[in-house]
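Please read the structure below before turning to the comments.
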Amino acid sequence: MPTKNPRINITIEPETQKLLSVLAHQEQRSVSSLATELILEALERREDIGLSTIAQERDTEEMEIVSHDDIWK
């Protein structure tokens, strides 16, 4: 059955494939759906780290504190 979603090919270590297979079996789902979920979680985590870095750079003693209501006016 054709799919609308793009496909990627990756090479993983045999031990990683075994772990993915075991987890997928325990969760009664396909290895590809589990791998997709794990990739999305990793991307979200990286995004969070990047945004946290930006926030830390902006968090200085000289920064101006603005209320939530004032921001959205």
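No experiment lies behind these values; they were computed from the predicted model shown.
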More than 12 heavy atoms of other groups within 6.0 Å of Glu13 CD: no

Thr53 side chain vs Ile49 backbone, donor-acceptor pair below 3.5 Å: yes

Count I, L, V, M, F, W, Y as connected when their side-chain heavy atoms are under 4.5 Å apart, and connections chain through other members. Are [X] and [Y] then in the same cluster?
| X | Y | result |
| --- | --- | --- |
| Leu40 | Leu19 | no |
| Leu38 | Leu43 | no |
| Leu20 | Val22 | no |
| Val66 | Trp72 | yes |

Within this structure, what is the [atom1]-[atom2] distance for the pair [X] and [Y], rounded to the nearest 0.5 Å?
| X | Y | atom1 | atom2 | answer |
| --- | --- | --- | --- | --- |
| Ile39 | Ile8 | CD1 | CD1 | 5.0 Å |
| Glu57 | Ser52 | CD | OG | 10.0 Å |
| Arg46 | Leu51 | CZ | CG | 14.0 Å |

Nearest non-hydrogen partners of Met63 and Arg58, listed with the distance: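 Closest heavy-atom pair between Met63 and Arg58: SD-O, 3.7 Å.
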
Atom of Glu27, atom of Leu34 and distance for their closest heavy-atom approach: OE1-CD1, 3.9 Å

SB check Asp70 Lys73 (cutoff 4.0 Å): yes

CA sep, side-chain torsions, deciding dist, call: Ser21, His25, side chain to side chain contact (heavy atoms under 4.5 Å, CB included): CA-CA 6 Å; Ser21 293; His25 180 74; over 6 Å; no

